[in-house]
Amino acid sequence: MKREEEFRLDSAFRDTPEECRQAVLKAVSAYREEDKMKRPLILIAAIVLTLALLCGTALALVSYYSVRDSVAGGAPSQAFEENIIPLENSQTAQGLTVTLGDAVFDGSHLDFTVQLAAPEDAQPLLLVPALAGSCPGQPLNIDYHAEHLAALSDGFLYPSTSEAHPARDTFTVSAEYDGDEPVGTVEWQYTLHLLRPKWEIVQAAPIYGWQVYEAAFLQAWRQGKIMVVDGQSVTAYADAIADSVITDDHRFNGPFLLEVLLGSGAFEEVDVLTFTFSTAVPQVRQLKGNSVFSFDGYQVRVKKITTSFMRVNYTLEILLERPFGEEYGLDFIYDVYDQNGEALPWKSSMQSYSPDRSTVTSSGSVEYISDAPLTALQFKPSADFCIDRTLHDNEALWFTVDLQ
């Protein structure tokens, strides 16, 4: 069943310090006693607002986890700050309260924050998320994930069932889509399916070798038990039992984890929370610079560089003198630095090849949240992705795109 959003004023505000509360009451009552005063009623609001500020914003809405911290590291640029979208939307079901704090969208990348709360004695629920976007009315091809714990993207138990691995109460969901830049407004829908475990939950022991690991999960399922990793993740459990639970004739268009676990008999769906919000598409700048760099055996052409208030996206085309095997394609994934030699945090990379393997298209994105103008980008073979790690230190393979 779906649950309508609940909003209670008595739980929307923090407890007000007594001295502040008395000051507000005194100010309002004093105004009421002056029957002959002709000041506009807005005076009351001004008094309350001033006293609230003096009392440490005791009357303000409860603070929430923000992209200012999770994405901008507590130091947002002016443009980043101007593009933050307050969501401040809370829903409660089955004793679990889910709050969406705020969001930021730069035209192709979305980040929004989620905060969870449950009573201390709450029984664990499995949260299976789904995110969809459309613009205008047409679905976008969305790839999304959650920070720190991979299971947050697929589904996770909250609260955690292991004291050694407590659950995160806050996290950020990030999404990007593969396609042309949208125009106008993007409509987003974030859904959380709430599943209640019906069987005993047991913790997975460290086991090396997927076949042995898979057999342990499958045996647990056959014994009517739910085996979890780190007290929260059931992804390995679902992977291990999927072939025993679902046939091709019974697949439906929904999250894989939801399909498998509802079909397993181990869980039952008890609620669905749905959040909707919209984001305008900000302007994205396309940068131009020197575009061709020649090296021994290949040439790099800069096809496209765009920048927003939080990302730099690039597309490179590598033309090879002779075709090569796919395993060497990783040599053309790059680490990117700004004009000061500061590394820009990696966000994504993708490789594609022409049918004859004579051309490699390398694209990616890095983070850039700063009020300082970006005047150059330096590319070095990636220290993390290249098969030959020494390529990163070979200055002969570096190149710099001047954006001025």
Side-chain angles (χ1 to χ4, degrees), residues 5-9 11-14 49 52-53 56-93 96-118 127 129-135 140 142-149 152-153 156 158 167-177 182 184-192 273-284 307-311 345 347 365 367-371:
E5 178 181 348
E6 295 180 0
F7 182 73
R8 294 175 56 86
L9 286 175
S11 62
F13 299 89
R14 291 181 177 178
L49 176 60
L53 292 173
T57 62
L59 297 181
L61 284 173
V62 175
S63 61
Y64 53 81
Y65 188 50
S66 174
V67 292
R68 290 179 182 87
D69 299 315
S70 65
V71 178
S77 65
Q78 180 178 348
F80 186 97
E81 184 71 33
E82 291 172 352
N83 282 276
I84 294 176
I85 304 165
L87 302 178
E88 301 176 359
N89 189 347
S90 291
Q91 297 187 40
T92 300
L96 172 71
T97 298
V98 182
T99 300
L100 267 57
D102 54 21
V104 65
F105 180 59
D106 76 343
S108 60
H109 303 88
L110 170 75
D111 291 283
F112 64 92
T113 58
V114 181
Q115 188 164 324
L116 306 176
L127 281 59
L131 178 67
S134 62
C135 176
L140 300 177
I142 300 296
D143 179 23
Y144 69 96
H145 65 277
E147 62 176 344
H148 299 299
L149 181 64
L152 291 175
S153 302
F156 58 98
Y158 184 87
R168 288 180 58 89
D169 297 324
T170 58
F171 57 91
T172 301
V173 177
S174 299
E176 55 185 310
Y177 66 91
T185 301
V186 178
E187 303 293 335
W188 301 96
Q189 179 173 292
Y190 184 60
T191 304
L192 282 173
L273 299 180
T274 300
F275 298 86
T276 58
F277 58 95
S278 60
T279 57
V281 178
Q283 184 178 6
V284 176
T307 183
S308 70
F309 57 86
M310 66 176 179
R311 294 284 183 96
K347 289 300 179 182
S365 67
E367 181 181 282
Y368 188 74
I369 302 174
S370 174
D371 291 316

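Quick note: numbers below take in every heavy atom, side chains included, and nothing from hydrogens, waters or symmetry partners.
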If you take all heavy atoms of [X] and [Y], which pair is closest and at what distance?
X    : Y    : answer
I142 : G133 : CG1-N, 4.0 Å
Y64  : G101 : CD1-CA, 3.4 Å
P86  : D102 : CA-CB, 4.0 Å
D106 : P282 : C-CG, 3.5 Å

Residues E187, S278; criterion side-chain contact (heavy atoms from CB on, under 4.5 Å); working and verdict:
CA-CA 4 Å; E187 303 293 335; S278 60; 3.4 Å; yes

Under a 4.5 Å cut-off applied to non-hydrogen side-chain atoms, are [X] and [Y] in contact?
X    : Y    : answer
F112 : F277 : yes
Q91  : V98  : no
L131 : Q189 : no
F156 : L116 : yes
P345 : Y368 : no
L140 : S134 : no
L100 : V114 : yes
H109 : V104 : no

Please report the interatomic distance [atom1]([X]) to [atom2]([Y]), rounded to the nearest 0.5 Å.
X    : Y    : atom1 : atom2 : value
L96  : L192 : CG    : CG    : 8.0 Å
E88  : S66  : CD    : OG    : 10.0 Å
S308 : N83  : OG    : CG    : 8.5 Å
Q78  : S370 : CD    : OG    : 12.0 Å
T113 : Y65  : OG1   : OH    : 7.5 Å

Test of understanding: with side chain to side chain contact (heavy atoms under 4.5 Å, CB included), list the residues that count as partners of S77, not counting sequence neighbours.
A79, F80, I369, D371

Could you work out, with side chain to side chain contact (heavy atoms under 4.5 Å, CB included) as the rule, every residue matching T99, not counting sequence neighbours?
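Counting only residues at least two positions away or on another chain, T99 forms a side chain to side chain contact (heavy atoms under 4.5 Å, CB included) with S90, T97, Q115.
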
Side-chain donor-acceptor pair under 3.5 Å between [X] and [Y], yes or no?
X    : Y    : result
S174 : D111 : yes
W188 : T276 : no
D169 : Y158 : yes

Test E367 against R311 for salt bridge (charged side-chain N to carboxylate O under 4.0 Å, His left out), laying out the working first.
CA-CA 5 Å; E367 181 181 282; R311 294 284 183 96; 5.5 Å; no

Does the plane of the ring in Y190 sit parallel, tilted or perpendicular to the ring in F275? Use 30° and 60° as the thresholds.
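The arrangement is tilted - the two ring planes meet at 30° to 60°.
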
